[in-house]
Amino acid sequence: MAEHKRITLYAAVDSPFVHRVRLALEEAKATYDIIWIDLLNKPEWYQEKVNPTGKIPVLVYGGPKLHADEEPSPEAERLTESLVILEFLVDIFPEARLLPTDPVSRARARLFYETVETVTLQPFFRFIFLDAPAETVLSALETLQAMLPPSGFVVGDWSIADAAFVAILIRLEVYLKNGLGAYRPEVGKEALEAFESPRFARLRTYLEDNKARPSMAKAFEEDAVKTKMQQRVERFRKTGIVNGFFRLPLPSTE
Amino acid sequence: MPERITLYSAKICPFAQRVEIALAEAKAQFTRYEIDLQNKPEWYAPKVNPASKVPAIAYGGPDVPPDQPSPESVKLAESLVLVEFVADLFPESGILPSDPVTRAKARFFIEGVSSKLIPAWYAYFLRNAPVEDFYSALEYIQSLLPSDGFAVGQFSIADIAIAPFIARTRVSLLNELGKYPEGNGKKVWETATTGKFARIGKYAEDLFARDSFKSTFDEAYVTQAFKQRFANLRNQ
């Protein structure tokens, strides 16, 4: 059994990118510490001491036990970018088989998560905050649905490809079911109807299969996600700020 | 023992060259088939890659001519996925570092190339976006490089991801191809590889000296193909 160094994850409940990493950590039955960051009220020390870009997740590998407002030790490794971290977890937990061992299945899993990145992220973000048509997200979901096998996970057994996708997918479902987002209510309702229609039967089964896994119960707190999203939408309506990197000018009230 | 590999490629294409470099590092046996990107064969999208792009690999299946691909072979696409695929098929190639932290650094470098450098280059090349944005991206990449050697020390997938792009940036700039004002190309290449960017300059030289790069880059061909394809950018 391989010895692992300490794993510390800087996390936030509402981030799908953090969620991806937590799913993989739970699937690997890893021991890890979490330091929570409130994305709507980011402490200055985070950018000063942990990640100059301010982004999360950060996974610190090695070093002593960390607390908030502490700088990771220089001999600890700081890893960022959720997909890079997922592949790292595949490598340090080989016995967990977070990716299959055969090269073709691994390539299919990677192709899937690359497709998640390139087809869903922008439409998802734009639909939730920027009035983009629901169809842009729905057709992205259809692309990914078509890549799923008739049953089970992306490459049969659960893999990091599922982590990459389901973190986005589960949030879309929660947001639509609760009317969370800056879209007009009627747009949200139509999108929810489409999501619940036969068009996405396979996708919904896939989502339920993921929700049934213990890793999801451990790594997804629905109420906290809803609360944070509500706060984020309210802040957006008042200030035009979406996140640390994107801010819209507020429309004129005239 | 890996199964049969057929690579659908194009000499002009930097994405395709990534996979060619990986296969060369692996000393892999494979069949190469050139796709004319301006005149794609009608069987290519339906039988190999619905996105109609290169690179693509047909893996396994019966021994068929590359222009008659069999439905029995597995079809794979996306250059970075294919580079990792080659690394998985040929672990003795050494292109994937053995230590997980070093691997993560290599993949992080690749993410920087994809999300910062390539878009900044194309914005400058195709739209004459401010050159400072390109220099910022270059500065970011340079900040990731160790004081010498390759991106994570030993030659790896990180270098494979970037080399074809730096090579084509050089061809474009030295031949004044692009949307930017004529005459700026050579100056930008000079700035991008000397002085505060001397480290990039050295890194580019190291990449171009690698055997797997040399054997997969036909500079005369790429120059000619670029001139033909991009000569009119400035006029549009």
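Computed from a predicted structure; not experimentally measured.
Counting all heavy atoms, side chain and backbone alike, Val84(A) lies closest to Ala104(B) at CG1-O, 3.4 Å. The nearest pair of heavy atoms linking Phe85(B) to Ala107(A) is CD1-CB, 3.9 Å. Contact between Leu111(A) and Val81(B) at its shortest, heavy atoms only, is N-CG2, 3.8 Å. Listed here is the closest heavy atom pair of Phe88(A) and Pro100(B): CD1-O, 3.5 Å.
With sequence neighbours excluded, no residue satisfies salt bridge (Lys or Arg N to Asp or Glu O under 4.0 Å) with Lys179(B).
Proximity to chain B (any heavy atom under 4.5 Å) is restricted, for Leu79(A), to the side chain, taken from C-beta onward. In this structure, no portion of Ala87(B) lies under 4.5 Å from any heavy atom of chain A.
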Produce the donor-acceptor pair table for chain B versus chain A, cut-off under 3.5 Å.
{"unit_1": "Asp88(B)", "atom_1": "OD2", "unit_2": "Arg106(A)", "atom_2": "NE", "d": "2.8"}
{"unit_1": "Asp88(B)", "atom_1": "OD2", "unit_2": "Arg110(A)", "atom_2": "NH1", "d": "3.1"}
{"unit_1": "Arg103(B)", "atom_1": "NH1", "unit_2": "Asp91(A)", "atom_2": "OD1", "d": "2.9"}
{"unit_1": "Lys105(B)", "atom_1": "NZ", "unit_2": "Glu77(A)", "atom_2": "OE1", "d": "3.4"}
{"unit_1": "Arg107(B)", "atom_1": "NH1", "unit_2": "Asp91(A)", "atom_2": "OD2", "d": "3.1"}

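By the neighbour-count criterion of 12 heavy atoms within 6.0 Å, atom NZ of Lys47(B) is sparsely surrounded, having that number or fewer from other residues, nucleotides or ligands.
Annotation: maximal heavy-atom pairing with chain A below 4.5 Å, among Leu76(B), Val101(B), Leu80(B), Val74(B), occurs at Val101(B).
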